[in-house]
Engineer: 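Before I ask anything, let me first share the structure, which is written out below as structure tokens.
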Amino acid sequence: MKPIDFENTSAKSPFKVPENYFEESMQRVFSQINEEIELKPSRGKLIFMEMRKWAAIFIVGLLGVGMYFSVNKKQEAEFTLEDYLSYQLQWQSVEHENMLDDDDILELEMSLNIDAVAVEYYLSRQDIEDLITEIEE
Amino acid sequence: MNEEQLLVEALKNPKTREQAFRKLVETYHKPLYFHIRGMVLDHDDADDVLQNTWVKIYRNIENFRGESKLYSWFYRIASNESITFLQSKAKKMQKTSDSLILERVEGLADDPFFDGDEIQLKLQKAISKLPSKQQTVFKMRYFEALSYEQISEILSTSVGALKASYHHAVKKIEDFLKNH
């Protein structure tokens, strides 16, 4: 058996192909590439699609921001109203307190017509034990 | 600007791309086929891989940065497509790529598209026993007649390392042929 000359690098490949394979397979490559070209959108269309995408993102973003502020404003309104009412009530009681001086209080007491005899009489008719319990409560 | 640079410019320009691509296919279709065929061994599989390779080259031509030669870029794509194809096929058959290749080598005698004699069959068996990198270097040098400089560009390996690799591969093949 003749030894192989490994330095002869123009050796023929042991593989063969069907007849006309290379011409036919090249045509298949070109057909496939043509299909790719036809399916690929034009540059103008690509730009339009990209702009449309960003417009959609912008609109959704605007809606989201709008909703966020709308919800927050409602909460803010509720908070403000509660606060206002609470503040008003506080002010009313403080206002009344501040409006009464010592003379007014004395006058009130006198109008109530409470004297010591009346108080003693009242207390004698009460169960002291009950009063003490009430106080402790 | 040299010829290759002009070709790359033509490929990147949408107006001239189709014509330039046609020229590319006409130049490299056959060598790429035999490169792939050497790896996958079966003609139908080589045909599939070759089609996929050209489509991949076409789709990625705009991303080619020109840091290497054009041919080295598509040889790399072709090699990667072949490896991926073999791995996928082996996985479906629940085998390793290596065992799939060994099986195919054993079946070459019955392959209508194998034109080799007995010594060629033994040579294919000997090559299949080499480590994968040595197989690649040997096939590219011996069957595809690529220069060490070209192989160096494709595999990103030094010429010296390639010469050593080829020399070791030859030694192992000679030993195999002596003993079988």
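Letters A, B, ... mirror the listed sequences (proteins, then strands); counts begin at 1. Quick caveat, the model's predicted, so the values are computed rather than measured.
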Engineer: Do Phe138(B) and Phe6(A) make the cut of ring centroids closer than 6.0 angstrom?
Structural biologist: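 When the ring centroids of Phe138(B) and Phe6(A) are compared, they turn out to be within the sub-6.0 Å range.
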Engineer: Above 12 or not: heavy atoms from other molecules or residues under 6.0 Å from NZ of Lys56(B)?
Structural biologist: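 No.
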Engineer: Under 4.5 Å from any heavy atom of chain A, what part of Leu41(B) do you find: side chain, backbone, both or neither?
Structural biologist: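 It is both, since atoms from each part get that close.
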Engineer: For Lys16(A) versus Arg37(B), what's the shortest heavy-atom pair and its separation?
Structural biologist: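 That would be O-NH1, 3.0 Å.
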Engineer: Could you go step by step and tell me if Gln124(B) and Phe15(A) meet the side chain to side chain contact (heavy atoms under 4.5 Å, CB included) rule?
Structural biologist: CA-CA 11 Å; Gln124(B) 289 294 322; Phe15(A) 299 114; 4.0 Å; yes
Engineer: Under 4.5 Å heavy-atom distance to chain A, tell me which part of Pro112(B) shows up: side chain, backbone, both or neither.
Structural biologist: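 The answer is the backbone of Pro112(B).
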Engineer: If you count heavy atoms of other groups shown closer than 6.0 angstrom to CD of Gln19(B), is the number above 12?
Structural biologist: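 Counting other residues, nucleotides and ligands, CD of Gln19(B) stays at 12 neighbours or fewer.
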Engineer: If I measure from the heavy atoms of chain A, does Phe114(B) come under 4.5 Å with its side chain, its backbone, both, or neither?
Structural biologist: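 Answer is both: backbone and side chain atoms of Phe114(B) are under 4.5 Å from chain A.
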Engineer: What closest approach, in Å, do Phe143(B) and Pro14(A) show between heavy atoms, and which atom pair accounts for it?
Structural biologist: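 Nearest pair, atom of Phe143(B) first, then Pro14(A): CE2-CD, 3.6 Å.
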Engineer: Might you point out which heavy atoms bring Ile33(A) and Trp54(B) nearest each other, and give the distance in Å?
Structural biologist: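 Closest approach of Ile33(A) to Trp54(B): CD1-O, 4.4 Å.
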Engineer: Counting only heavy atoms not in Glu24(A), do more than 12 fall under 6.0 Å of its CD?
Structural biologist: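 Counting neighbours around CD of Glu24(A), more than 12 heavy atoms of other residues, nucleotides or ligands fall under 6.0 Å, so yes.
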Engineer: Is chain A contacted by the side chain of Leu108(B), its backbone, both, or neither, given a heavy-atom distance below 4.5 Å?
Structural biologist: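 Just its side chain gets close to chain A.
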Engineer: With a 4.5 Å cut-off on heavy-atom pairs, point out which of Glu26(B), Arg59(B), Lys139(B) contacts chain A the most.
Structural biologist: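 Winner by heavy-atom pair count: Arg59(B).
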Engineer: Would you please classify the geometry between the Phe34(B) ring and the Phe22(A) ring as parallel, tilted or perpendicular, with 30° and 60° separating the classes?
Structural biologist: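 Tilted: the ring planes of Phe22(A) and Phe34(B) meet at 30° to 60°.
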Engineer: Are Leu62(A) and Val65(A) connected into the same hydrophobic cluster when the rule is that any two of I, L, V, M, F, W, Y join if their side-chain heavy atoms are below 4.5 Å apart?
Structural biologist: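 No: no chain of side-chain contacts under 4.5 Å links Val65(A) to Leu62(A).
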Engineer: Does one hydrophobic cluster hold both Leu102(B) and Leu177(B), with members joined at side-chain heavy-atom distances below 4.5 Å?
Structural biologist: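 Shared cluster, no.
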Engineer: Take atom NZ in Lys172(B); do more than 12 heavy atoms of anything else shown fall under 6.0 Å from it?
Structural biologist: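 Yes, NZ of Lys172(B) has more than 12 neighbouring heavy atoms, counting only those of other groups under 6.0 Å.
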Engineer: Short question: side chain of Glu18(B), backbone of Asn34(A) - any donor-acceptor pair under 3.5 Å?
Structural biologist: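 Pair absent, no side-chain N/O of Glu18(B) close to backbone of Asn34(A).
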Engineer: Count the heavy atoms belonging to other residues, nucleotides or ligands that lie under 6.0 Å from CD of Glu23(A), then report whether that count exceeds 12.
Structural biologist: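 Yes, enclosed.
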Engineer: About how many Å separate CG of Asn52(B) and CD of Gln32(A), when rounded to the nearest 0.5 Å?
Structural biologist: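 It comes to 7.5 Å.
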Engineer: For a side chain to side chain contact (heavy atoms under 4.5 Å, CB included) check, start with the C-alpha distance between Asp47(B) and Tyr21(A), then their side-chain angles and the critical distance, and finish with the verdict.
Structural biologist: CA-CA 9 Å; Asp47(B) 178 51; Tyr21(A) 167 73; 2.6 Å; yes
Engineer: Quick one: do Ile77(B) and Leu24(B) end up in the same hydrophobic cluster if we chain Ile, Leu, Val, Met, Phe, Trp and Tyr together by side-chain heavy atoms under 4.5 Å apart?
Structural biologist: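 Both belong to a single hydrophobic cluster.
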Engineer: How many angstroms lie between atom OG of Ser13(A) and atom NE2 of His35(B), to the nearest 0.5 angstrom?
Structural biologist: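 Output value for this atom pair is 12.5 Å.
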Engineer: Report yes or no: do Tyr71(B) and Leu11(B) belong to one cluster of Ile/Leu/Val/Met/Phe/Trp/Tyr joined by side chain heavy-atom distances under 4.5 Å?
Structural biologist: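 Tyr71(B) clusters together with Leu11(B).
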Engineer: Linking I/L/V/M/F/W/Y whenever their side-chain heavy atoms sit closer than 4.5 Å, directly or via other members, would Tyr148(B) and Tyr142(B) fall into one cluster?
Structural biologist: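 Result: yes, single cluster for both.
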